[in-house]
Amino acid sequence: MNRKINVTIYNENLHETTVEEVRAIYPNGIHGALKGFLEKDSAIGTIRCATLADHQQVLTQEALDDTDVLVWWGHMCHHKVEDAVVDIVVKRVLNGMGFIVLHSGHASKPFGRLMGTETHLLRWREAGEKARLWNIATNHPITQGLEQTFMVPHDETYGEPFGIPEPDQLIFITWFQGGEVFRSGATWQRGEGKIFYLQNGHETFPVYHQKEIQLVIANAVKWACPVQRACTPNRGPGNVAPLEQYTLEEGSFTPITK
Ligand code: ZN
């Protein structure tokens with residue numbers, strides 16, 4: 001691809017600004033940590049960051065029209081994200097914008113809208129358990145550079161059943177120390193847009209500082225980038241005249257040749 005990939009990151013930025021333990025791990029916010037490793041990638045161009053506080057000003061139609069891939073982290077205040085912004089995000093994904101949903105973003109408005117199921121449904125436990133990810137798509141762009149399995153030393157436990165629609169492709173399955181298993185990496189296509197969900201990244205653990213997780217997210221941004229940023233969806237104009245002329249006589253079609 002000739003152009004650089006423009007990325008926009010939405011991070012709620014509430015835990016980092018209100019809980020000292022989280023601020024110590026992410027002094028520049030989770031969005032700052034994500035931006036920090038993505039901007040080192042030569043394939044990536046402009047990176048915009050939005051938080052709950054300024055998302056209405058930053059996540060405009062114009063900014064999202066100029067975005068190839070949107071990365072989303074939210075937890076406490078999904079309901080405070082403006083519906084007008086969610087409408088723009090969902091339409092942009094249907095028109096081709098890539099969408100990477102991280103951790104508790106499974107319960108965000110745009111992911112729920114795009115999945116059409118109760119994506120907030122899952123088992124969870126904040127116990128700092130070890131998570132072992134299994135790469136079950138070794139030939140997929142998102143897993144390039146990874147081993148067949150790797151560990152996140154401490155993360156929030158998520159467990160099945162998870163209320164997602166059947167993924168187009170399952171990328172990771174995670175085993176947690178407490179016995180749960182989880183479909184922790186999965187892809188879908190909606191309209192022209194590619195979507196990737198990654199489970200890892202609870203705010204009280206330094207998960208986004210881990211090199212394997214950074215690689216997964218950078219790979220996912222490249223995978224989800226549309227060929228055309230401003231894509232015209234192939235939806236057709238509605239009720240139209242036939243392209244070929246014909247007459248109907250006694251149950252058979254007789255083409256009219258002009
Ligand atoms: Zn969490």
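No experiment lies behind these values; they were computed from the predicted model shown. Every heavy atom of this structure was used, including side-chain atoms; hydrogens, water molecules and symmetry mates were not. Order of appearance sets the numbers: ligands from 1, and atoms from 1 within every ligand.
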Among the N/O/S atoms of His202, select the one at the shortest distance from the Zn ion (ligand 1) and name it. ND1
Quick one: report the N, O or S atom of Glu156 that is nearest to the Zn ion (ligand 1). OE1
For Val69 and Phe99, work out which heavy atoms get closest and say how close. CG1-N, 4.5 Å
Salt-bridge criterion met for Asp41 and Lys222 (N-O under 4.0 Å): yes
For His75 and His15, does a side-chain donor sit closer than 3.5 Å to a side-chain acceptor? yes
Has His209 got a side-chain atom pairing as donor or acceptor with Ile25's backbone, closer than 3.5 angstrom? yes
Under 2.8 Å from the Zn ion (ligand 1), can any N, O or S atom of His103 be found? yes
